[in-house]
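Data block below; observations after.
From a predicted model like this one, the values you see are computed outputs, not experimental measurements. What you see below is based on every heavy atom in this structure, not just the backbone, and it leaves out hydrogens, waters and symmetry mates.
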Amino acid sequence: ETSKPRATKPGLLKKLISKHTNLLIIEGILFLLLAIMMMVRPTETLYFIVAALGVVITVFGVFYMVRTLTNKNYDTTSAMDVIFSVINIVLGMVLIVFPQISFSVFITFLSIIFLVRGIYFLVMSIDLLKHDRGAGIVGIIVSILSFALFGFVIFYPIAAAYAATYYIAICLIAYAVTDFVLAYRCKKLQHRIK
């Protein structure tokens, strides 16, 4: 005998939808505010994000160290956990005190991504050319663009960092709009449930 899935009560369903709607609206507002901050003051916002990340990493490191040291079954693995915690705390503190290094790290990270992407697409395109000439040519074009972006990041690092900041801001606006549309649809669904 197969048991039928229990139907969710309308009242409970309305509460769940209301909760998700509120979360979507809050998330959308936060994304929108962050996007505006990134567009108006990209440098300060980038420093703020890095410093906030530093706080999170430091808190995580301290929490992990306290949890490891208060554990009664302390062994060799626990010693490794303590070292890991110390690294997290030091890294977090560096990001809090010197957020300016974010530009160097960010630029290095961007350049590596574009270089790896360019090499990957070039290798893939050479293989594709044997089977599908059109796809191979498209792959080579993408590879050339990736190498061009790599060059742009290397020779114009500050401009690249700002461009990436604006790109992230545009993505955040898109996420915010999506959240608001979903929240609106949830509200409409909530009114339909009796």
Side-chain angles (χ1 to χ4, degrees), residues 15-64 84-121 138 141-191:
K15 279 183 183 175
L16 282 169
I17 291 169
S18 177
K19 181 184 171 186
H20 289 301
T21 305
N22 293 337
L23 285 172
L24 284 166
I25 291 167
I26 291 164
E27 186 181 77
I29 291 166
L30 288 173
F31 280 162
L32 206 55
L33 288 172
L34 189 57
I36 292 164
M37 281 170 63
M38 287 181 103
M39 285 183 164
V40 176
R41 297 199 175 272
T43 310
E44 291 87 341
T45 307
L46 193 59
Y47 288 167
F48 172 76
I49 290 167
V50 172
L53 183 66
V55 171
V56 171
I57 293 169
T58 306
V59 169
F60 173 76
V62 171
F63 169 77
Y64 208 74
F84 175 73
S85 300
V86 169
I87 290 167
N88 272 282
I89 293 164
V90 170
L91 177 64
M93 292 305 291
V94 167
L95 290 175
I96 293 165
V97 179
F98 305 106
Q100 297 86 353
I101 65 159
S102 61
F103 271 117
S104 307
V105 174
F106 191 49
I107 289 157
T108 306
F109 182 67
L110 269 181
S111 61
I112 290 166
I113 285 174
F114 289 132
L115 181 62
V116 170
R117 188 179 164 84
I119 293 166
Y120 170 77
F121 272 101
V138 169
I141 291 166
V142 172
S143 174
I144 291 165
L145 284 171
S146 295
F147 286 130
L149 285 168
F150 168 73
F152 176 69
V153 172
I154 293 296
F155 293 109
Y156 303 101
I158 304 300
Y162 279 116
T165 307
Y166 284 112
Y167 171 75
I168 293 164
I170 291 163
C171 288
L172 286 171
I173 290 167
Y175 290 144
V177 170
T178 307
D179 280 343
F180 293 143
V181 169
L182 285 171
Y184 171 73
R185 292 181 72 87
C186 283
K187 278 282 183 193
K188 282 185 78 173
L189 180 64
Q190 193 180 4
H191 288 305

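The two atoms that bring A35 and A169 nearest to each other are CB-O, 3.4 Å, heavy atoms only.
Take I154 and apply the side-chain contact (heavy atoms from CB on, under 4.5 Å) test, not counting sequence neighbours, and it matches S111, F150. Under the rule for a side-chain contact (heavy atoms from CB on, under 4.5 Å), the partners of V116 that lie at least two apart in sequence or sit in another chain are I112. Residues passing the ring pair (Phe, Tyr, Trp, His ring centres under 6.0 Å) test with Y184: none are found, sequence neighbours excluded. Taking V97 as the reference, nothing meets the side-chain contact (heavy atoms from CB on, under 4.5 Å) condition, with sequence neighbours excluded. Residues passing the side-chain contact (heavy atoms from CB on, under 4.5 Å) test with A176 are F31, L32, F180, sequence neighbours excluded. Y156 pairs by the ring pair (Phe, Tyr, Trp, His ring centres under 6.0 Å) definition with F152, not counting sequence neighbours. Not a single ring pair (Phe, Tyr, Trp, His ring centres under 6.0 Å) links F48 to another residue, sequence neighbours left out.
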I'd like a table of donor-acceptor pairs (distance under 3.5 Å, sequence neighbours excluded) in which one partner is a side-chain atom from residues 86-93, with atom names and distances.
unit_1: N88; atom_1: ND2; unit_2: F84; atom_2: O; d: 2.9

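In this structure, F147 places its CZ atom where more than 12 heavy-atom neighbours from other residues, nucleotides or ligands lie under 6.0 Å away.
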Subject >> Intermediate values then yes/no, side-chain contact (heavy atoms from CB on, under 4.5 Å), I141 and L145 >> reply: CA-CA 6 Å; I141 291 166; L145 284 171; 4.3 Å; yes
Subject >> Check against side-chain contact (heavy atoms from CB on, under 4.5 Å), I25 and D179 >> reply: CA-CA 6 Å; I25 291 167; D179 280 343; over 6 Å; no
Subject >> Stepwise side-chain contact (heavy atoms from CB on, under 4.5 Å) check, L149 with R117 >> reply: CA-CA 10 Å; L149 285 168; R117 188 179 164 84; over 6 Å; no
Subject >> Worked verdict on M38 versus Y166 for side-chain contact (heavy atoms from CB on, under 4.5 Å) >> reply: CA-CA 7 Å; M38 287 181 103; Y166 284 112; over 6 Å; no
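Residue pairs satisfying the salt bridge (Lys or Arg N to Asp or Glu O under 4.0 Å) criterion with at least one member in residues 44-58, sequence neighbours excluded, are listed as follows: R41-E44. The salt bridge (Lys or Arg N to Asp or Glu O under 4.0 Å) pairs that include a residue from residues 152-164 number zero, where partners must be two or more places apart or lie in different chains.
Atoms CG and CD1, on L172 and I36 in that order, are 11.0 Å from each other to the nearest 0.5 Å. Note that the CG atom of L34 and the CG atom of L30 stand 8.5 Å from one another [nearest 0.5 Å].
The backbone N or O of V62 lies less than 3.5 Å from no partner atom in the side chain of S85, so there is not a single donor-acceptor pair.
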